[in-house]
Amino acid sequence: MTKQLDADQLLASLNDPQREAVVTTDGPLLLLAGAGSGKTSVMTRRIAYLTNVKKLDPWNILAITFTNKAAREMNERVRQWIGDAADDMWMCTFHAMCVKILRREARHLDFTPTFTILDADDQASMIKQCMLDLNHDIKKYDPASVQWIISAAKNELLTPATFVATGTRPVDTIVRGVFAAYDHQLRRANALDFDDLIGKTVLLFETFPDVLKTYQEKFLYIHVDEYQDTNRAQYQLIRMLSKEHHNVCVVGDADQAIYRWRGADRANLDYFERDFPTRKMIKLEQNYRSTDTILKAANAVIQNNQNRVEKSLWSTKGTGEKIAVYAAQDAEDEAIYALSKIQAHVGEGGRFSDCTVLYRANAQSRAVEDVLLQAAIPYHVVGGMTFYDRREIKDVMAYLRAIANPQDEISLLRIINVPKRSIGEGSIRKLLDYAHDEDLTLMDAIKRAKLVDQLKSAEQVARFAEMIEHLQERMIGATVTEFLHDVLRTSGYREMYAQSSKEEDRTRLENIDELDRITRSFDRRRRGTVLDFLAETSLMTDVDRNENDERDAMRLMTVHASKGLEFPVVFVLGVEETVFPHSRSLDTIDGVEEERNLFYVAVTRAKDKLHLSYCLERSTFGQVHMNDPSRFLQEIPEEYTERTGADPVQEARFEIGMTVRHPQYGVGVVTDLSGVGEEQMLTITFRSKYGTKEIVPRITRLRVLG
DNA sequence: GTCAGAGTTTTTTTT
DNA sequence: AAACTCTGAC
């Protein structure tokens with residue numbers, strides 16, 4: 001194959017801006033890519049262009065994606081162009097990249113390559129423990145808020161030494177101290193949390209310029225996808241790595257910035273212009289995904305954001321069907337609506353997997369699941385209570401972690417008495433105190449159980465220590481699957497559930513078997529170490545996890561989880577004020593605008609058919625609320641929609657003697673009325689204990705019963 | 001160490 | 001309304 005032919009092939013079927021983006025390889029490039037504008041195609045061809053035409057070594061290319069799944073997909077698509085050489089490239093998330101770097105360079109910082117990665121749960125319990133150690137009243141100070149503030153600080157590259165509390169709430173006064181204690185505990189446990197992965201890599205590069213230099217010389221061409229959702233620390237990383245050669249291509253869309261609450265700063269788009277003044281900019285505005293109707297609706301909605309750079313997507317896919325807007329009575333009715341449309345779709349020869357239900361918050365999946373379960377529709381929930389959150393899976397993973405990283409105290413505490421080994425609360429306390437007094441790790445204290453004063457269960461603890469040491473030897477050279485089997489057998493963990501006849505425990509056994517399938521697939525794919533396996537699983541996102549599910553099933557997920565994906569038929573549920581936009585985002589303009597971005601993301605996932613629905617009544621915490629249809633719904637011009645369901649605007653005429661139902665007070669009779677239109681006020685006598693109340697129908701949605 | 005019953009909390013979004 | 005956590009009796 002000649003060089004020229006390759007270039008022609010690579011550029012075939014691309015539009016002009018796309019082609020320019022592929023061949024503009026040198027120097028900084030800002031690629032503004034609207035939803036569905038074929039940016040993945042551009043990215044993969046750009047990488048293929050670098051290797052095939054510019055004859056670059058794949059080893060010198062870095063591509064950072066938002067999820068592991070996106071990385072895998074990109075790898076497969078690049079593979080079509082360049083074959084196995086694709087494996088030499090680093091294509092991964094920021095976090096995965098940092099783990100790879102930190103495992104190699106751990107010795108430069110204060111930990112070993114066996115470090116554990118703390119998940120949000122472990123992080124929460126460690127912070128809570130630190131607060132207890134510092135004698136803070138966790139009733140008074142919410143550990144979750146502390147966790148939140150520390151995470152935000154780390155995203156800004158702050159340390160306990162440089163952190164200054166900016167808030168004025170009571171918790172803000174204690175955060176700094178907890179931050180310091182938490183940092184100390186992490187060090188003791190040889191553990192890093194998610195934010196550290198990025199932060200410590202930045203620290204590594206700042207402190208050891210020669211280490212930075214080797215990576216600068218390695219990553220000659222850098223690509224960053226979903227750039228609008230990078231945070232400050234991540235941007236810093238990109239800047240450092242590309243400082244010498246400036247070959248950095250960032251791809252983003254400010255309208256799809258939806259992670260500000262996690263420290264993402266779309267101002268990084270502006271900083272890029274500031275820090276790379278020679279940057280070129282290319283806009284991709286042709287959408288290949290959605291119908292014209294869907295796109296026009298999305299454009300109309302996003303126009304309402306004041307804080308934005310004008311950009312307008314256009315499509316050549318044809319008008320398509322109108323957007324269905326359904327006013328549901330309640331969440332169950334809403335779910336039944338989706339169900340009936342899905343059944344119709346499949347009845348016409350479509351697949352369940354064409355259909356995806358999106359919602360603002362995980363809790364909304366429940367009503368849909370109930371209905372789908374009853375109707376025996378195959379479905380898969382992405383996110384929520386995931387596989388790795390289950391107790392048995394966390395236990396088994398804790399075994400792997402404790403054995404791989406003996407400093408991992410949290411994991412050790414989790415398993416020391418599971419299954420029961422008669423090592424009780426008191427014994428554990430004594431071991432911890434001993435470790436503290438002798439300046440040892442908990443594992444070392446366990447190994448010296450016989451030396452601990454007054455330790456009743458010394459015999460059992462010693463046996464536990466032997467078991468862990470035995471397993472540590474077994475880990476060497478074993479595949480992850482072999483090792484997993486060893487752990488399950490030697491620890492008696494599997495036996496614990498195998499003996500039980502409870503239905504719940506049978507499910508747990510099945511989950512353990514599922515874990516076995518996962519390690520097998522890992523061994524086949526990578527043949528990595530136990531540490532690699534642990535790193536991979538702790539960095540997996542919800543979207544990554546349903547890879548193994550190959551049934552024809554429909555999917556349920558949050559709008560956040562749907563980012564970057566596309567589906568022929570999309571349902572967006574709960575398009576109501578206080579749900580979407582969420583009530584907790586209504587205080588600030590930025591908050592509402594980010595919700596609008598999120599709605600824009602939801603709408604632009606749909607290729608052919610979009611259903612939007614809202615409920616007249618919604619119950620939350622056992623309380624019924626009546627929400628107005630979302631403002632975003634009003635922002636879509638009527639001509640693109642087709643409305644069904646209950647009349648969204650109830651123009652009820654009230655009269656004395658009429659029976660009505662109030663969402664909270666129940667059924668009552670109108671005994672008096674005054675004012676007209678929006679000013680109208682009713683006096684209603686309720687049958688319930690609430691008696692007589694004055695009600696403004698403009699604010700409270702009453703149902704007329706007769 | 002287990003269990004029943006009381007009391008409390010839950011709904012943003014997640015690498 | 002349902003799920004979780006705590007507490008005290010066995």
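The sequence lines fix the lettering, A, B, ..., with proteins before strands; numbering per chain opens at 1.
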Practice problem: Check the geometry between A/H560 and B/dT13 and answer yes if their rings are stacked (centres below 5.5 Å, planes below 30°), otherwise no. | Solution: no

Self-check item: No-hydrogen, no-angle side-chain donor-acceptor test under 3.5 Å, A/E226 and A/Q228
Solution: yes

Exercise. Scan side-chain atoms only and decide if A/T578 and A/S583 contain a donor-acceptor pair under the 3.5 Å cut-off.
Key: no

Quiz item: Are any of A/N68's side-chain N or O atoms less than 4.0 Å away from OP1 or OP2 of B/dT15?
Solution: no

Practice problem: Measure from CG on A/N627 to P on B/dT12 and round the result to the nearest Å. | Solution: 15 Å

Quiz item: Do A/R555 and A/Y379 meet the cation-pi criteria used here (NZ or CZ under 6.0 Å from the six-membered ring centre, within 45° of the axis)?
Solution: no

Quiz item: The side chain of A/R584 lies closest to which of these nucleotides: B/dT11, B/dG1, B/dT14?
Solution: B/dT11

Quiz prompt | Rounded distance (Å) that lies between atom P of B/dT14 and atom NZ of A/K154 | solution = 21 Å

Quiz item: So what does A/T620 hit on the nucleic acid, given a heavy-atom distance under 4.0 Å: a base, only sugar-phosphate, or nothing?
Solution: base

Practice problem: Would you kindly give the CG-to-P distance between A/D142 and B/dT8, to the nearest whole Å? | Solution: 16 Å

Quiz item: Would you say the side-chain atoms of A/D195 and A/S151 include a donor-acceptor pair closer than 3.5 Å?
Solution: yes

Quiz item: Between A/F621 (CZ) and C/dA2 (P), how many Å, whole number?
Solution: 14 Å

Exercise. Among the candidates B/dG1, B/dT12, B/dT11, find the nucleotide nearest to the side-chain atoms of A/N417.
Key: B/dG1

